[in-house]
Amino acid sequence: MPDGQTAVARVQEAFPQTVMQVGSMHGVPMLRLHKQDVPAVARYIHTDPQVLGSLSLLWAVDHRPREARYELCYLFTLAERKDWLLLSSDLAGGEREFASITPVVHAAKWYEREIRDLFGLIPVGHPDMRRLVRHEHWPKGSHPLKKDFVWDQVLERVQGEYAYRKMHGDGVFEIPVGPIHAGVIESGHFRLSVAGEPILQLEVRHFWKHRGVEKLFEQQRLTEAVPLAERVSGDTSVGHSVAYCQAVETLLGMTVPPRARYLRSLFLELERLHNHIGDVGAICNDTAYALAHAHCGRLKEQLMQLNDRLTGSRFLRGVNRVGGVVLDLSGPQLSQVDAELHAIEREFVEIETILFANASLTERLENTGVLSEHTAWDHAVMGVVGRASGVDRDLRRDRPFAAYHECQPKVAVYRYGDVRARMRVRLDEVHDSIRLIHTLRRQLPTGPVVALSVDPPTPGQWAISAVEGWRGEILYVVMAGEEGRIHRCKVRDPSFVHWPAIQWAAVGNIVPDFPLINKSFNLSYAGNDL
Amino acid sequence: MFRIIKKSLSTGVVTGHYPAVKSPSEPVSREAIEKAKPFRRSLTIREVDTGSCNACEMEMNALTNSIYDVERFGVHIAASPRHTDALVVTGPVTVNMERALKDVYKQTADPKIVIALGDCAINCGVFKGSYAVTGPVERHIPVDVRIAGCPPRPAEILAVLDMLRGARTEADK
Ligand code: SF4
C-alpha cells in the first residue's frame with residue numbers, strides 16, 4: 001500500500017494528461033485538477049486496489065474578495081491510513097456547476113448537498129438534489145457561506161415542503177418521529193417506513209439545529225474562536241477545541257510545549273471516559289436494564305464532578321487555548337485523578353461482569369442494528385461505529401497528535417457491526433483510556449504549558465487538523481483571512497458521516513429496536529447540523 | 001443475582017451526594033412561583049431543544065441519575081407536551097426550530113410555565129446574531145424562569161426548581 005507521495009505518482013501515471021499541478025500544504029500532498037476530471041480521478045483513488053482512498057472530507061471555499069473563484073477540496077485517507085491525499089479544483093468566474101462524485105464515491109452524498117445549500121454551487125449528476133441544511137422555508141438564493149451573504153441578516157420565510165422518500169405497498173405505514181423527541185434528546189427527524197414491526201426504510205432529516213457555526217467562525221479572530229469550537233457539540237468540548245487549536249497552531253507555526261500536549265491527551269481521555277461510560281449505561285437503559293444504567297450514570301457523574309474539581313467545568317471547557325492549555329494540573333490534582341480512576345475501574349469491572357451475565361441483555365444486543373463492513377466502507381465510517389464494523393482506524397495510532405505517539409493507544413476492533421460490537425468497543429476503550437491516563441500522568445513532562453505567539457499567517461494559508469474524539473474523527477480546516485481573522489473554517493464532526501450510515505443499520509430491524517440502535521451510535525445532532 | 005445484590009449493598013445510598021453550589025444568579029420571580037402553585041410542588045417537565053450544543057441536555061439528563069434523582073421531589077420528565085406543566089427550553093431558537101417551538105407551546109395545556117435553561121436560551125450565547133438564529137426563547141414565547149450558565153450544573157438547576165416548587169426562597173425567610 002502506498003504512502004501519500006507514491007499515491008500521487010500513481011495518479012499521475014494513470015492520468016498523465018489531467019493533473020495540472022502537484023504540491024503540498026503543511027505536508028499534505030495535493031493534486032490540482034480541472035473540475036471535469038475530478039470524478040474520474042476520485043473514482044480511481046477510491047477503487048484502485050493499490051490506493052483505496054476513503055473520502056474523509058469534502059469542502060468548498062469562497063476565495064472572494066481576494067480572488068474571484070470557488071475552490072472544491074476532496075480529502076482522501078489512504079487504505080494504510082497513514083496518509084492523506086488532497087484533490088482540489090476551481091470554479092472560476094461565474095461558474096456554479098461542478099460534476100458530482102457521489103455516483104462513484106458514495107460518501108460524498110451529504111457533503112455535496114451541503115455545498116449546494118451553503119455555497120449555491122450545483123453538483124451536476126447528484127442523485128438527490130433535495131435541500132439538506134436549508135429547510136424548505138428558506139428563501140431562494142440564500143447561501144450563507146458565500147462571501148456576499150451578510151452573516152447577521154434576517155431571513156424571510158417562504159412556503160415549501162420537504163419531499164420524503166415514499167414507500168408504497170399493502171400495509172406499509174410511515175412513522176414520523178421528531179423533531180422534538182420523547183426523551184431529553186436533541187432535535188432531529190426520523191421517518192420510518194414499516195410493514196408491521198420490521199423497518200423497511202429509515203430516512204433521517206436533520207439540520208433543525210443549524211446555528212450557522214461556520215459563518216460565525218468567519219466573524220472571529222484566529223486566536224479567539226476556541227469558545228465557539230467548544231460549543232459545536234457540547235459533549236465533545238475538548239475534542240473540538242483541540243482540533244481547532246491544532247489547525248490554528250499549524251497555521252501560526254507554533255510548537256505546543258510537551259506538557260501541554262500531554263495535558264490535552266489527558267483531557268481527551270477524560271472526555272472519552274465519561275461519554276463511553278454514559279453510553280454503556282444508556283444502551284442498557286434502552287433494553288430496560290435500569291440497574292446497569294443507574295450504576296453507569298453514577299460513575300459518569302463521578303467523572304464529571306472530577307472534571308469540575310480539576311478545571312471548574314464539568315465539560316472541561318476553557319482548558320484549551322491556541323498555543324497550549326490554559327490550566328496546568330498540580331501534583332495533588334493528578335494523584336486525585338489516579339486514585340479516582342483506580343476506584344472507577346474496579347467498579348466498572350464488577351458492572352461489566354454483571355452485564356454479561358445477563359442473557360436477556362446480551363440477547364437484545366446481538367445481531368441488532370448490523371452495519372456491515374462493506375456499508376461502513378462505502379460511507380467512510382470510522383470512530384466507534386467504524387471499529388465495531390471492522391474498520392481498523394484510529395487517529396491516535398494512525399496520525400498521532402497531542403501526546404499519543406508517546407503512549408500507544410490500543411485500538412479495539414470488532415467485526416459484527418451490531419449493537420453489541422459497538423458496546424464492546426466502548427467497554428474496551430474505557431479500560432484503555434484509564435490505562436492511557438495513568439501512563440500520561442507517569443510520563444508527564446515538566447515545563448511551560450503555552451507556546452509564545454508568533455507572526456500572523458499570510459491570508460489564504462490554510463491547515464487541516466484531525467483529532468480522534470470519543471465518537472470518531474473530528475476534522476477542522478482553518479484558512480487565515482486578513483489581519484489574523486478567519487476566512488473559512490470547515491468543521492466536521494464524525495456524526496455528519498454516521499447519520500447517513502445509521503439509515504442502513506436500521507433496515508430490517510423491528511421498530512422497538514430503533515431507539516437502541518440509535519443509542520448505540522449515539523451521534524451528535526448539534527455537531528452534525530452546525 | 002448474588003453479585004447484583006452485593007454491588008448494590010456495597011454502593012449504598014448515593015442520592016444527594018454532590019458538592020454545594022452558589023445560589024442562582026437570578027432568583028425565581030414571585031409571579032412564577034404563584035403560577036406554579038396549581039401544580040402543588042410536583043412538576044412535570046418536557047424538554048425542548050431549539051438549537052443547543054447538547055451540553056444543556058446532558059445536564060438535564062443528569063438530573064435523573066441516582067445522584068440528583070429529581071423524581072424524589074415529584075419532578076417528572078414527560079414524553080409529550082400534552083402531559084406537561086413546564087417546558088424547559090435549551091438553545092438559541094434556530095430558524096429551523098422556530099415553528100416547532102411555537103407548536104409545542106400551543107400543544108401544552110394551560111396553565112404552563114416556561115423555563116429558559118442555559119445562556120443560549122436566555123440571550124443566544126455565542127450564537128447571537130447569526131442568520132440561522134431568530135433570537136432568544138423570550139422572543140417567541142413568554143418565559144417565566146431563567147437558569148443562567150453554560151451549561152448550568154445539575155445542582156443549580158435543582159436549586160431553581162426547588163424555589164419554583166415553593167420550597168422556601170430567600171425572600172420568604
Ligand atoms: S448555554 Fe452553553 S451549554 Fe447550553 S446550549 Fe448554549 S452553549 Fe451549550
Side-chain angles (χ1 to χ4, degrees), chain A residues 134-135 137-138 142 144 149-155 157 179-187 207-213 215-216 219 227-228 230-235 237 278 291 293-295 297-298 300-302 304-305 308-309 314-315 317 347 350-351 353-354 357 524-527 529, chain B residues 1 3-4 6-8 10-11 14 18-19 45-68 77-81 88 90-92 94-101 103-104 120 124-134 150-151 153-154:
Chain A
R134 305 157 63 229
H135 282 188
H137 58 75
W138 288 48
S142 48
F149 182 95
V150 181
W151 77 279
D152 57 353
Q153 67 179 272
V154 177
L155 293 166
R157 216 184 159 90
I180 295 170
H181 298 288
V184 180
I185 321 172
E186 298 181 69
S187 298
F207 300 92
W208 300 85
K209 304 180 54 162
H210 177 70
R211 293 147 292 162
V213 168
K215 192 79 174 179
L216 285 166
Q219 312 313 313
L228 182 57
E230 287 176 335
R231 284 157 184 80
V232 169
S233 181
D235 50 17
S237 297
L291 177 96
H293 181 226
H295 279 301
R298 178 171 59 80
K300 179 189 167 103
E301 177 62 27
Q302 219 171 311
M304 298 200 69
Q305 289 185 11
D308 202 359
R309 283 202 299 281
R314 290 163 54 89
F315 292 84
R317 282 182 175 166
E347 285 212 51
E350 287 176 65
I351 294 165
T353 327
I354 293 175
S524 168
Y525 301 64
D529 298 357
Chain B
M1 198 61 208
R3 242 188 238 119
I4 294 176
K6 191 175 145 220
K7 182 76 204 133
S8 299
S10 67
T11 306
V14 295
Y18 50 84
I45 288 176
R46 170 90 284 259
E47 200 267 354
V48 181
D49 159 22
T50 57
S52 75
C53 76
N54 78 23
C56 277
E57 270 74 49
M58 275 177 77
E59 296 300 48
M60 273 301 287
N61 271 321
L63 284 182
T64 61
N65 70 26
S66 47
I67 301 200
Y68 300 103
I77 296 180
S80 160
V88 171
T90 58
T94 62
V95 168
N96 290 346
M97 276 305 287
E98 183 186 327
R99 186 61 58 84
L101 173 67
D103 283 350
V104 143
C120 283
C124 297
V126 293
F127 308 110
K128 195 170 180 168
S130 162
Y131 64 90
V133 164
T134 63
C150 185
R153 293 180 175 81

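So you know, we letter chains A, B, ... as the sequences are listed, proteins then strands, and number each from 1.
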Chain B shares the most heavy-atom pairs under 4.5 Å, among A:Val232, A:Leu228, A:Asp308, A:Asp235, with A:Asp235
Closest-packed option against chain B by number of heavy-atom pairs under 4.5 Å, given A:Lys215, A:His137, A:Arg211: A:Arg211
Cut-off 4.5 Å, heavy atoms of chain A, and the answer for B:Thr134 is neither
When you measure from the side chain of A:Arg298 to the backbone N and O of A:His293, does any donor-acceptor pair fall under 3.5 Å? no
Checking A:Arg134 against chain B: side chain, backbone, both or neither under 4.5 Å from a heavy atom? neither
Does a donor on one side chain sit under 3.5 Å from an acceptor on the other, for A:Thr353 and B:Arg3? no
Heavy-atom proximity to chain A below 4.5 Å, by part of B:Val14: side chain
So, the part of B:Pro151 with a heavy atom under 4.5 Å from chain A: the answer is both
Winner by heavy-atom pair count (cut-off under 4.5 Å) against chain B, out of A:Glu301, A:His295, A:Gln302: A:Glu301
Using side-chain contact (heavy atoms from CB on, under 4.5 Å) as the criterion, list what pairs up with B:Cys124, not counting sequence neighbours. B:Pro92, B:Lys128, B:Val133, B:Pro136
Do B:Cys150 and A:Arg231 touch side chain to side chain, with heavy atoms closer than 4.5 Å? yes
Under 4.5 Å from any heavy atom of chain B, what part of A:Val184 do you find: side chain, backbone, both or neither? both
Which atoms of B:Ile77 come close to chain A, meaning under 4.5 Å heavy atom to heavy atom: side chain ones, backbone ones, both, or neither? side chain
Portion of B:Cys56 that has a non-hydrogen atom of chain A nearer than 4.5 angstrom: neither
Taking C-beta and beyond as the side chain, do A:Gln219 and A:Asp152 meet within less than 4.5 Å on heavy atoms? no
Give, as side chain, backbone, both or neither, the part of B:Val104 having an atom under 4.5 angstrom from any heavy atom of chain A. side chain
Select one option (side chain, backbone, both, neither) describing which atoms of B:Tyr68 are under 4.5 Å from chain A's heavy atoms. side chain
Determine, for A:Glu230 against A:Arg317, whether the closest basic-nitrogen to carboxylate-oxygen distance falls under 4.0 angstrom. no
Indicate yes or no: at least one non-hydrogen side-chain atom of B:Val48 is less than 4.5 angstrom from one of B:Pro81. no
Heavy-atom contact with chain B under 4.5 Å, split by part of A:Asp529: neither
Ranking A:Glu347, A:Arg309, A:Arg314, A:Glu350 by heavy-atom pairs under 4.5 Å to chain B gives rank one to A:Arg314
Does some side-chain heavy atom of B:Asn54 sit less than 4.5 Å from a side-chain heavy atom of A:Ser233? yes
Top contributor to chain B interface from A:Val213, A:Val154, A:Leu291, A:Val150 [non-hydrogen pairs under 4.5 Å]: A:Leu291
Report yes if the side chains of B:Met60 and B:Ile45 come closer than 4.5 Å at any heavy-atom pair, otherwise no. yes
Proximity breakdown for A:Gln305 and chain B, heavy-atom pairs closer than 4.5 Å: side chain
For B:Ser52, which atoms come within 4.5 Å of any heavy atom of chain A: side chain, backbone, both, or neither? both
Hey, does B:Thr50 have a side-chain heavy atom less than 4.5 Å from the side chain of A:Trp208? no
